[in-house]
Amino acid sequence: MKNICSRSDALTTLKTRLEALERSGGRWVSAAARNAGHDAFAPLATGVIHDLYAAAPADAVTVNAFGLGMALRAAAGRPIVWGLHEMMAQEAGRPHGPGLHEMGLSPRDLLLVRTRDVQTLLAVGEEALRSPAVGAVLLSAWGEAKAFSLTASRRLALAAESGGGTLFLVRAAAEPCPSAAETRWSVTSCASEPLEGGAPGRPSFSATLLRRRGGGATGTWIMEWDREQRTFRPPAPLSGGLVPLAAQRPAAASGTASRRAA
């Protein structure tokens with residue numbers, strides 16, 4: 001992981017690292033990607049933006065974990081760039097090596113860029129998305145900011161389309177606002193199912209699809225993160241697959257999908 005703060009240092013160092021990735025073919029050693037199994041959200045709409053909002057400020061850690069899982073799946077073996085607003089780090093904590101391991105991700109599999117302000121965070125996102133070596137970008141921000149304008153969102157969408165990477169824009173302590181995102185989600189934590197012997201259960205999420213670009217059904221799904229399979233899955237008491245997340249496809253399109261309200 002790489003920690004950078006100032007805007008000039010962030011962009012200069014990021015460009016250098018991205019150029020090195022492009023020369024190497026854009027592949028990092030990623031056991032998580034090699035072992036990835038079927039994803040409850042496959043086929044995931046890639047090369048676009050997905051907005052992820054914390055349902056409440058206390059859900060900041062949860063929405064970041066959810067976004068990281070989504071990014072891991074969308075990256076398909078390519079590197080992940082995680083842009084972290086310093087205010088988010090202060091309020092929700094900084095990424096922790098053992099925590100990343102619990103998600104099935106080695107710190108070597110991502111480039112972490114810490115920024116002091118939202119403007120720099122958005123610039124980092126644009127730069128990373130333009131690189132064909134990057135599979136997914138996660139931008140995590142805390143609080144309201146005028147910089148999150150519709151124009152800024154469109155710039156990010158164009159950058160994602162250009163490079164082919166997928167952006168997951170995570171926000172906490174902020175209200176949903178107009179954007180060029182393909183989907184908009186509200187995420188909160190929920191009780192997990194204990195494992196054998198009373199061991200702590202897998203991370204469990206309640207994700208509500210608030211909006212899909214072009215229209216389509218919305219709803220709430222309960223899911224947990226399976227570290228071994230690197231995928232979202234229904235909790236143990238549930239059976240069946242979860243609905244795919246695909247561009248221009250209604251959320252209830254699959255007749256075999258099972259849905260459980262939070």
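One-based numbering along the sequence shown. Scope of the values below: all heavy atoms of this structure, side chains included, with no hydrogens, waters or symmetry mates.
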Should T220 and T208 be marked as a side-chain hydrogen bond (donor to acceptor under 3.5 Å, both in side chains) after you check the CA-CA gap, both sets of side-chain angles, and the distance that decides it?
CA-CA 4 Å; T220 298; T208 299; 2.8 Å; yes
Do P95 and W82 have side chains that approach each other closer than 4.5 Å (heavy atoms only, starting at C-beta)?
yes
Expected output: side-chain E126 to main-chain A159 donor-acceptor under 3.5 Å:
no
If you group Ile, Leu, Val, Met, Phe, Trp and Tyr by side-chain heavy-atom gaps below 4.5 Å, do M103 and M70 land in one group?
yes
Sorted by chain and residue number, the salt bridge (Lys or Arg N to Asp or Glu O under 4.0 Å) partners of R154 (sequence neighbours excluded) come out as none
Please answer whether the main-chain N or O of A45 pairs with a side-chain N or O of H50 as donor and acceptor at a distance below 3.5 Å.
yes
Could you check whether any side-chain N or O of R78 sits under 3.5 Å from a backbone N or O of P132, counting only pairs where one atom can act as donor and the other as acceptor?
yes
Do T183 and R211 touch side chain to side chain, with heavy atoms closer than 4.5 Å?
no
If you define the side chain from C-beta out and look only at heavy atoms, does anything of P79 sit under 4.5 Å from L111?
no
Within the 4.5 Å heavy-atom criterion, are L158 and L156 side-chain neighbours or not?
no
Assess whether a salt bridge exists between E182 and R212, defined as any Lys/Arg side-chain N lying under 4.0 Å from an Asp/Glu carboxylate O.
no
Test your reading of the model: is there a side-chain donor-acceptor pair from W142 to the backbone of A173, 3.5 Å cut-off?
no
Is the side chain of S189 donor-acceptor paired with the backbone N or O of F205 at a distance under 3.5 Å, no angle test?
no
Taking atom CZ as the centre, does R155 end up with more than 12 heavy-atom neighbours from other residues, nucleotides or ligands that are less than 6.0 angstrom away?
no
List the atom pairs, donor and acceptor, that lie under 3.5 Å between side-chain atoms in residues 52-67 and the rest of the protein, sequence neighbours left out.
{"from": "Y53", "atom 1": "OH", "to": "C177", "atom 2": "N", "distance (Å)": "3.2"}
{"from": "D59", "atom 1": "OD1", "to": "T188", "atom 2": "OG1", "distance (Å)": "3.0"}
{"from": "D59", "atom 1": "OD2", "to": "A56", "atom 2": "N", "distance (Å)": "3.2"}
{"from": "D59", "atom 1": "OD2", "to": "T188", "atom 2": "OG1", "distance (Å)": "3.1"}
{"from": "N64", "atom 1": "OD1", "to": "S140", "atom 2": "OG", "distance (Å)": "2.6"}
{"from": "N64", "atom 1": "ND2", "to": "A60", "atom 2": "O", "distance (Å)": "3.0"}

With a 3.5 Å distance limit and no angle check, can you tell me whether T16 reaches the backbone of T12 through a side-chain donor-acceptor pair?
yes
Could you give me the CA-CA distance, side-chain angles and deciding distance for V118 and H85, then say whether side chain to side chain contact (heavy atoms under 4.5 Å, CB included) is met?
CA-CA 7 Å; V118 169; H85 184 204; 3.8 Å; yes
Taking the six-membered ring of F232 as reference, does the NZ or CZ atom of R73 fall below 6.0 Å from its centre and within a 45° cone about the axis?
no
